[in-house]
Amino acid sequence: MKQDFVATDATARPAPTGTPMDRALDHGAYIWERNRRRLLILFVVLTVLVVAFGVRGIIEGLVGLIGQAPSMIVLLFFYAFAMIAQFGVLMWFLSRPRTYTVTPDSPQIDLSFDKYRGQPDLLEHAKSTVRILQGIAKFRNMGGEPPKGMLLAGAPGTGKSFLAGIIAAEANLPFIYVDASSMTSMWFGMDALIVVSLFSKARGLARKYAPPGHPGACILFIDEIDSIGRSRGGVMGGQQQGGMGPMGMMGMGGFALNTLLNQMDSLGQFTEDRWKYKFGRWLGLVRGPVPPKPVVFVIGATNRPDVLDVALTRPGRLDRKLNVYVPDGPGRGDIIELYLGQKAHDPNIPIDLMVQDSVGATPVEIKTFINEALIVAHDQGRDRLTYRDWLAARDMRELGLKQPITSMTADDKRAIAYHEAGHAVVAHYMRAEHRILKASIIRMGDALGVVQRSDREERYTRRATEIEADIMISLGSRAVEEEILGIKMTGADSDMQTATWLAMSYCGQHGMGPSLLSVPSQNALGGIPEPLMRVADKMLDELYAETRRLVREKAPAVHAVANGLLEKQELIGEELDEIYAMVEEAHPEITTPFQRKPLDLPKPFEDRDWRKTETVPIPEQIPAAATEPPAKPAATMDEPWSWWPRD
């Protein structure tokens with residue numbers, strides 16, 4: 001148990017550099033200096049006992065104690081078990097964390113770097129982390145300090161847990177998975193004990209599986225770490241440290257975050273944590289600085305990195321932050337090829353179209369789309385999935401199950417068909433760079449009809465003209481209702497909300513309107529600034545007028561798409577393209593590109609009609625009366641206590 005380090009306490013002597021005998025004598029002297037006061041106290045106690053009871057009395061007492069020891073031990077264990085069963089077991093059973101442990105001698109995670117697709121840059125960061133964890137001793141010899149943790153932040157389904165599992169499998173180190181929500185407890189202080197227990201377990205596993213002469217490492221993956229890592233102050237609330245509850249043992253128990261911060265980076269990393277070495281140091285058998293402890297590499301995953309406490313994400317704790325985004329086009333193609341290779345599919349399935357159909361989809365969503373497509377094919381008695389199955393599965397996941405309304409009147413069905421035709425035609429002529437995936441008048445989810453469109457390639461910014469075109473597409477349904485049907489329907493309310501939100505963002509957030517001001521759409525009182533509403537309303541009026549003009553010019557296309565929807569109930573992109581081609585061949589005049597008039601919007605604070613500019617003249621008596629002291633009013637019988645005699 002002896003550690004060859006220089007002693008640092010006040011009673012220690014510098015370690016000699018002579019022969020082994022000199023070092024042994026010096027260490028013996030250190031032990032004597034460390035324990036001589038304790039030996040003196042022990043000698044005094046024994047002397048008092050001998051004087052008081054005599055040697056014979058002490059021996060008889062020891063013999064009697066040994067004789068009663070079995071019954072005393074049984075009784076002690078009975079009472080201890082009763083107390084533990086009543087409180088300890090109950091508290092631990094109700095507070096036990098949901099953990100899963102994987103060790104190098106019993107691998108369970110069948111993952112590797114080859115199975116991670118979609119974001120090669122994240123994969124390189126993961127490989128760098130694995131190399132450091134596998135060579136901690138070499139890295140320390142180079143003068144480096146191993147990282148303490150990593151934060152994986154991203155939207156749900158982007159593969160944060162999957163990436164953590166790959167790191168654990170490739171590193172071939174002990175791995176502990178814990179759900180952060182299970183680290184909270186209804187019992188006061190139990191959450192802190194859970195955190196301490198997890199880190200103690202992680203360090204024990206790291207030492208057990210460490211190579212000889214190395215401190216070792218263990219990976220602790222805390223999923224949904226925002227459950228315990230929320231900010232402790234400010235409007236976000238966060239960890240509340242409550243006191244005892246009415247039952248004496250219940251409290252709000254918000255100590256998990258504080259304990260986690262202490263375990264990850266504090267002065268505790270320089271002190272001994274093993275009881276046998278603590279006892280050895282107490283006796284003086286072990287001396288000198290504590291050797292490097294095992295690295296407990298904490299990986300936290302969250303969908304809400306903005307609510308985490310700054311002390312948790314500072315350097316030295318979760319100091320490596322990886323944002324896991326949705327994959328781009330090449331990444332989605334790689335993911336689609338991976339999961340298609342695991343399913344029976346049409347060899348001629350257009351992967352490029354599937355990539356375009358899944359813009360903004362996460363890896364989990366893509367995997368689910370493909371699996372649902374196989375279910376659709378299986379339900380129809382086929383042994384492989386096709387592109388139409390992919391479209392049906394994606395629509396079912398994004399929009400809901402198809403549930404046609406069989407009792408709808410002919411007028412309502414015709415109105416819905418023209419409603420959706422308005423969206424489709426305006427989108428075709430205003431956003432030619434978009435793909436119209438589908439137009440349908442079959443009820444799916446909460447929608448009686450839908451027109452789906454997407455970008456042909458990845459887009460990360462939007463131009464002002466694109467937002468203006470999107471507003472016109474949203475207004476296309478109402479424009480068709482008024483121009484062709486001569487009615488207004490309630491089904492356009494969501495379209496109006498979308499157009500309003502886009503107009504408000506255009507004018508008040510993005511600075512694309514007549515003013516460069518970028519203000520919140522709502523103030524502190526929950527209202528919307530009236531100047532912003534007036535500018536957005538003016539914008540909607542102008543774009544709606546242009547949308548109605550477009551509908552009038554492209555009316556043959558509107559009628560053709562509506563009739564196609566009434567006939568087939570649903571049209572996919574290729575069928576819509578065929579309809580447009582036939583209509584333009586029959587009506588060449590609609591092939592002329594639509595030229596939209598530019599917007600002419602007033603500045604928010606130049607149009608003052610919305611303000612009350614009238615001024616009310618002040619009577620002359622008011623300034624004159626203001627210069628004189630007010631007269632004392634005469635008391636009347638109506639005033640309380642006015643009849644009471646005054647001095």
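Values in this document were obtained by computation on a predicted structure and should not be read as measured data. Heavy-atom basis, side chains included; hydrogens, waters and symmetry copies ignored.
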Give the C-alpha distance, both sets of side-chain angles, the deciding distance and a yes or no for salt bridge (charged side-chain N to carboxylate O under 4.0 Å, His left out) between R435 and D357. CA-CA 9 Å; R435 290 181 60 241; D357 296 340; 2.7 Å; yes
For residues E553 and T592, determine if any side-chain heavy atom of one lies less than 4.5 Å from a side-chain heavy atom of the other. no
A side-chain contact here means heavy atoms from C-beta on lying under 4.5 Å apart; do V324 and Q119 qualify? yes
Taking atom types as modelled and ignoring hydrogens, do the side chains of Y544 and E482 form a donor-acceptor contact shorter than 3.5 angstrom? yes
Below 4.5 Å, heavy atoms only, C-beta onward: do L599 and L543 meet side chain to side chain? yes
Could you tell me whether the side chains of T368 and R397 share a donor-acceptor contact shorter than 3.5 Å? no
Should we say atom CD of E585 is surrounded by more than 12 heavy atoms from elsewhere, each under 6.0 Å from it? no
Got a second to check how far L151's CG is from R320's CZ, nearest 0.5 Å? 12.5 Å
Should the ring pair F221 and Y177 be called parallel, tilted or perpendicular, given that the plane angle runs from 0 to 90° and is split at 30 and 60? tilted
Taking the side chain from R332 and the backbone from S358, do they hold a donor-acceptor pair closer than 3.5 Å? yes
Flag if over 12 foreign heavy atoms under 6.0 Å of OH, Y339: yes
Less than 4.0 angstrom from a charged side-chain N to a carboxylate O is my criterion; do E433 and R431 meet it? yes
E468/R596 salt bridge by N-O under 4.0 Å criterion: yes
4.5 Å side-chain heavy-atom contact, D226 and N303: no
When you measure from the centre of the six-membered ring of F594, is the NZ or CZ of K554 under 6.0 Å away and within 45° of the axis? no
Just to verify, what does R382 make a side chain to side chain donor-acceptor pair (under 3.5 Å) with, not counting sequence neighbours? Q380, D389
How far apart are the C-alpha atoms of R453 and D470, what are their side-chain angles, what is the distance that settles it, and do they pass the salt bridge (charged side-chain N to carboxylate O under 4.0 Å, His left out) test? CA-CA 11 Å; R453 57 193 178 94; D470 287 340; 3.2 Å; yes
With side chains defined as the heavy atoms from C-beta onward, is the minimum distance between H428 and V561 less than 4.5 Å? no
What are the two closest heavy atoms between A180 and I228, and how far apart are they? O-CG2, 3.5 Å
Do you see a donor-acceptor pair shorter than 3.5 Å between the side chains of D493 and T490? no
What pair of heavy atoms forms the shortest contact from E170 to Q134, and how long is it? O-NE2, 3.0 Å
Is it true that T409 and D411 share a donor-acceptor pair across their side chains at a distance under 3.5 Å? no
Pairwise distance NZ(K367) to CD1(I335) - rounded to 0.5 angstrom: 11.5 Å
Side chains of I405 and K413, heavy atoms from C-beta outward: is any pair under 4.5 Å? no
Look at the aromatic rings of Y116 and F162 and report parallel, tilted or perpendicular, splitting at 30° and 60°. parallel
Report the relative orientation of the aromatic rings in F369 and W390; use parallel for angles under 30°, tilted for 30 to 60°, perpendicular for over 60°. perpendicular
Which residue pairs pass the salt bridge (charged side-chain N to carboxylate O under 4.0 Å, His left out) test when at least one of the two sits in residues 156-169, sequence neighbours left out? none
State, yes or no, whether a side-chain contact exists between I225 and L312 at a heavy-atom distance under 4.5 Å. yes
Find out whether P347 and R384 are in side-chain contact, i.e. whether some heavy atom of one side chain is under 4.5 Å from a heavy atom of the other. yes
